[in-house]
Amino acid sequence: KFYIFLLLLSLIFNNYSHAHMQGNFSSEQEAEKKSLELGCEGIHKNQNKWLPCKNEKELHRYLRQ
């Protein structure tokens with residue numbers, strides 16, 4: 001059961017990481033373009049990368065659609 005739990009946990013984390021990598025951009029313009037494509041509003045910055053949508057919670061919601 002423990003190994004099954006670890007497997008499921010790794011799959012969930014991998015899905016989160018994949019979604020997050022699809023939304024990282026080096027410029028505001030690229031993030032704004034992706035935001036329009038996704039249908040969300042605004043952009044936000046996380047460390048040195050720009051991301052579409054007004055926050056990460058909204059970004060992940062749109063990326064999962």
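Keep in mind that this is a model prediction, so the values were computed, not measured.
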side-chain contact (heavy atoms from CB on, under 4.5 Å) against [X], all qualifying residues, sequence neighbours excluded:
X: Glu41; result: none
X: Glu32; result: Ile43
X: Glu37; result: Lys33, Lys34

Rounded distance [0.5 Å steps], [atom1] in [X] versus [atom2] in [Y]:
X: Asn46; Y: His44; atom1: CG; atom2: NE2; result: 6.0 Å
X: Trp50; Y: Lys45; atom1: CH2; atom2: NZ; result: 5.0 Å
X: Lys54; Y: Cys40; atom1: NZ; atom2: SG; result: 10.0 Å

Nearest heavy atoms of Phe25 and Ala31, plus distance in Å: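 Heavy atoms of Phe25 and Ala31 come nearest at CD1-CA, 3.8 Å.
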Compare all side-chain heavy atoms of Tyr62 with those of Ser35 and state whether any distance is below 4.5 angstrom. no
Does a side-chain heavy-atom distance below 4.5 Å link Lys57 with Arg61? no
